[in-house]
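Below you'll find the structure, written out as structure tokens, and then a few comments.
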Amino acid sequence: METATVQCDHPPGKEETHDRILQAAESLFSAKGFEATSVRDLTNEARCNVASVNYHFGGKENLYLEAFRSLLSEVRDRRIASMRRDMADNPEM
């Protein structure tokens with residue numbers, strides 16, 4: 001029996017590192033703010049090296065913007081889901 005191989009566009013772990021940095025950014029920026037959060041704080045929290053922030057996001061400012069976009073997307077998705085539930089419960093809306 002032949003086994004299919006899956007080819008990835010990125011090395012294993014790349015996406016996980018990206019996600020860990022983004023989660024650390026959301027947490028630390030919301031707790032400490034942009035200025036008080038260092039790249040070292042972010043990478044310690046994400047368990048990766050300092051160069052990873054530049055590699056994945058192009059710097060701290062871009063990481064901040066991406067974290068903000070990510071949270072806005074989550075809020076938007078929750079609002080849409082809530083509106084759909086409301087519309088399903090009350091078809092006259």
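Just so it is clear, the model here is predicted, and its values are computed rather than measured. Positions are given from 1, in the same order as the sequence printed here.
With rounding to the nearest 0.5 Å, the separation of OG in S73 from CZ in R78 is 12.0 Å. The OG1 atom of T17 lies 8.5 Å from the CG atom of N49; values are rounded to the nearest 0.5 Å.
Contact of the E45 side chain with the D41 side chain is not registered, since no non-hydrogen atoms from C-beta on lie closer than 4.5 Å. The side-chain heavy atoms of K60 and N54, taken from C-beta on, include no pair separated by under 4.5 Å. Here the side chains of T43 and I21 are not in contact, with every heavy-atom distance at 4.5 Å or above. Within the 4.5 Å cutoff, side-chain heavy atoms of L63 are placed close to those of F29. You'll find the side chain of I80 reaches within 4.5 Å of the side chain of R76, heavy atoms only.
Put simply, the side chain of S70 never gets that close to the backbone of E66: no donor and acceptor are under 3.5 Å apart. Panel note: side chain T37, backbone G33; a donor-acceptor pair is recorded below 3.5 Å. A donor-acceptor contact shorter than 3.5 Å links the side chain of S30 to the backbone of E26.
In this structure D77 satisfies the side chain to side chain donor-acceptor pair (under 3.5 Å) test with no other residue, sequence neighbours excluded.
Closest approach of A67 to A25, counting heavy atoms only: CB-CB, 4.2 Å.
Classification of R20 and E16 as a salt-bridged pair fails, no side-chain N sitting under 4.0 Å from a carboxylate O.
Under a hydrophobic clustering in which Ile, Leu, Val, Met, Phe, Trp and Tyr are joined whenever their side-chain heavy atoms come within less than 4.5 Å, directly or via other members, L22 and F68 fall into different clusters. One hydrophobic cluster holds both F34 and V50 under the rule that ILVMFWY side chains link at heavy-atom gaps under 4.5 Å.
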